[in-house]
Each structure stands twice: as structure tokens, then as C-alpha cells.
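Just follow the structure's listing: the first ligand is 1, and inside any ligand the first atom is 1.
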Amino acid sequence: MKAAVIGYPIKHSLSPKIHTHWLKEHQVEGEYTAIEVSPNNLEKALGTMQAQGFKGCNVTIPHKVACVEFLDEISALAKDVGAVNTIIFQEDGKKIGTNTDVAGFINNIKQHQPDWKFKEKNICVLGAGGAARGVCVGLIREGVDKIFLTNRTKEKAEELQSLSPEKISIVDWENKGDYFANTDMLINTTSLGMVGHPALPCNITLLSKTALVTDIVYNPLKTVLLDEAEKHGLTTVTGLGMLLHQAAPAFEAWTGILPTVTNMLEQNIIKAMHNT
Ligand code: ATR
């Protein structure tokens with residue numbers, strides 16, 4: 001079983017560690033590597049992997065949207081999100097694209113907060129980039145009532161609103177706190193709070209005490225947002241589990257085995273993060 005993650009740059013990807021763990025655990029002979037592919041080499045790289053007998057690959061920045069034109073088919077979910085993160089090279093020669101980031105986000109919350117239900121909840125989503133789109137698609141599929149979407153660049157939020165104008169309302173970035181009292185879950189999908197990026201301007205004390213706070217940033221594992229939320233007594237879920245949970249259905253697509261995301265794997269990946 002040969003598979004890989006392709007991106008540019010790709011050196012720091014944790015995906016090989018995750019998939020190698022599962023290959024060993026399930027005694028599947030094979031390897032999962034990280035391959036650096038520059039944007040102008042994308043089509044050729046996909047063809048080469050297929051010719052070399054790869055079962056498929058994961059796709060990361062900056063290829064998630066660009067790869068679509070080189071695929072034969074993409075799933076309905078990948079169409080909704082407008083991005084592919086998993087490719088399957090079928091035996092009939094077809095290249096099929098799908099998106100497991102949506103399941104990654106939702107299953108991370110379900111694993112860490114099994115009693116938390118999405119149905120009929122009010123959610124505040126910070127950011128309107130590619131990651132926010134996947135998160136909103138997942139939230140809508142899970143049956144949330146309302147999404148308050150806020151982004152520094154309002155036009156991008158308006159574009160994303162077209163996904164579901166009846167569920168998504170746009171909130172001014174500067175006044176996002178006005179909606180916090182009515183929010184059951186706050187999600188940061190921006191790059192703010194990531195190592196090397198500015199902190200997220202956000203007054204979490206305005207949130208209700210029962211609100212759940214999550215961040216898709218996982219480096220650092222405990223972002224300032226999550227730290228402040230914890231200190232305020234709120235329940236939090238870190239972003240690392242999203243990476244693990246998007247990997248599981250990709251592994252299944254290539255091997256037929258759906259692996260379990262265990263705490264031990266999560267701890268191993270945290271250790272690996274500290275060593276890179
Ligand atoms: P991704 O695909 O990972 O979501 P992206 O499409 O570049 O990445 O989106 C990054 C998100 O972080 C956007 O919502 C971006 O806001 P803009 O649309 O206004 O650019 C947000 N972001 C990045 N830096 C920011 C900053 N300094 N202040 C506020 N938002 C920021």
C-alpha cells in the first residue's frame with residue numbers, strides 16, 4: 001500500500017507519522033511518505049504516483065483547489081466544500097477526489113465532547129477562508145440552527161454565505177462579541193493564534209458559561225483563545241484531533257480499514273510536534 005501527502009512546502013507534515021502508525025497497527029505492508037510538489041508540477045506528479053502504483057494521496061496547501069481540474073470525478077461533499085484533500089487512484093485508472101476535512105472537524109468534536117449535539121445550535125465561526133468553508137459545510141450537515149459568520153474581509157464572508165443564506169448570518173468582525181451571549185459554540189478557523197501569527201482579538205468573557213470553544217489551529221496545541229476560554233471556565237477542544245480524524249477516512253479509502261483515533265496516537269503526535 002503506497003500513499004503520500006503532497007504539498008508545497010511539505011517538510012513539517014505530521015501525516016506520515018499518523019498513517020505509518022496505522023499501517024503498523026493493522027499490519028498493512030506499505031508506506032506513506034511526504035512528497036514536495038510545486039504548483040506547476042501538480043498534474044505530472046499525480047500521473048507519476050498513479051503509474052508507480054500508489055493507492056492515492058492526501059493533498060494539502062496549496063493544492064486543495066488546484067488539483068480538482070486533474071481529477072476524473074469528485075464527491076458531492078468535495079463539490080460543496082470546493083476543495084479536495086484525499087485522492088484515490090482506482091484500478092480502472094480513474095482519479096477520484098474527496099474531502100475528509102469536514103469529517104475531521106466534526107468527528108474531533110464528537111470524540112472529545114460525545115454529549116455535545118450540533119442539532120439546532122447557534123454557532124459563531126471566525127474566518128471565511130478554505131477551512132471555514134469545510135467547517136460550515138459540516139455544521140450545516142449536522143443540523144445546526146444558525147451560523148454567525150465573521151471575517152476581517154466581509155466580502156469573503158458574503159461569498160461563503162451563499163452556501164446557505166438561510167442559516168448563515170454575517171456579523172461585523174469588530175462587533176463579533178455582540179453575538180457571543182447567544183452562541184453555543186465558538187470556532188476559530190483563521191490563522192490567528194498560530195505560531196508566528198498575531199493573536200486573535202476576541203473577548204471570550206462575553207460567551208455564555210455553557211459555550212464550547214474550539215480552534216482549528218493546533219500549533220500551539222493550546223492557543224491563547226483556548227487558554228483564555230479554559231481560564232474562564234469554558235469547555236474547549238483543541239485542533240489536533242481534526243488532523244487525526246481527517247486522516248482516518250483517507251486511510252480507509254485506500255486500505256478498507258477504518259482506523260481508530262486513540263489518545264495514545266494523539267500523544268505520539270504531540271511528542272512529534274515538539275521534536276520538529
Ligand atoms: P485557510 O484555507 O486555512 O482557511 P485562508 O483561506 O488564507 O486559509 O484564510 C485565512 C483566514 O484567516 C481568513 O479568514 C483571513 O481573513 P481575511 O479573509 O480577511 O484575509 C483570516 N486572517 C488571517 N490573518 C488575519 C488577521 N491579521 N486578522 C484577521 N483575520 C485574519
Side-chain angles (χ1 to χ4, degrees), residues 5-10 12-15 37 39 42 58-68 74 77-86 97-106 108 123-140 147-164 168-180 183 185-204 213-221 223-226 228 238-247:
V5 56
I6 60 169
Y8 191 77
I10 199 64
H12 298 296
S13 172
L14 293 165
S15 293
V37 173
L42 180 56
N58 283 127
V59 181
T60 188
I61 293 167
H63 303 315
K64 286 189 182 189
V65 176
C67 70
V68 173
I74 68 169
L77 182 63
K79 259 185 215 148
D80 279 355
V81 181
V84 160
N85 82 322
T86 301
T98 183
N99 186 303
T100 66
D101 285 331
V102 174
F105 172 73
I106 298 294
N108 183 35
I123 317 284
C124 184
V125 174
L126 311 180
R133 196 173 179 90
V135 165
C136 288
V137 167
L139 293 171
I140 291 164
I147 298 173
F148 301 113
L149 180 65
T150 181
N151 194 49
R152 175 182 60 178
T153 311
K154 201 171 181 182
E155 293 74 33
K156 274 170 76 180
E158 284 165 354
E159 233 171 82
L160 186 44
Q161 188 185 28
S162 62
L163 197 64
S164 175
I168 302 179
S169 303
I170 303 203
V171 170
D172 279 344
W173 181 249
E174 283 71 30
N175 304 330
K176 52 186 173 303
D178 294 355
Y179 292 80
F180 282 5
T183 292
M185 181 188 217
L186 177 71
I187 308 165
N188 176 42
T189 75
T190 74
S191 47
L192 295 172
M194 195 188 290
V195 167
H197 292 251
L200 174 73
C202 184
N203 184 358
I204 49 101
V213 181
T214 187
D215 203 325
I216 69 159
V217 170
Y218 60 83
N219 192 8
L221 192 60
T223 58
V224 171
L225 173 72
L226 296 184
E228 284 180 356
T238 69
L240 183 61
M242 180 173 171
L243 179 75
L244 303 171
H245 281 284
Q246 63 76 32

Problem - 4.5 Å side-chain heavy-atom contact, I147 and I140 - result: yes
Completion exercise
Lining ligand 1 at under 4.0 Å, by non-hydrogen atom distance, are residues G127, A128, G129, G130, A131, N151, R152, T153, K156, W173, T190, S191, L192
Report, one line per pair, each donor and acceptor closer than 3.5 Å where one atom sits in a side chain of residues 196-204; sequence neighbours left out.
{"residue": "N203", "atom": "OD1", "partner": "T205", "partner atom": "N", "Å": "3.2"}
{"residue": "N203", "atom": "OD1", "partner": "T205", "partner atom": "OG1", "Å": "2.5"}

Problem - Whether over 12 other heavy atoms sit under 6.0 Å from F180 CZ - result: yes
Problem - Within 6.0 angstrom of F148 CZ, more than 12 heavy atoms from elsewhere - result: yes
Practice task
Please step through side-chain contact (heavy atoms from CB on, under 4.5 Å) for the pair L42 and Y8, ending with a clear verdict.
Solution key: CA-CA 10 Å; L42 180 56; Y8 191 77; over 6 Å; no
Practice task
Please determine which of V65, V102, I74 meets the side chain to side chain contact (heavy atoms under 4.5 Å, CB included) test together with V81.
Solution key: V102
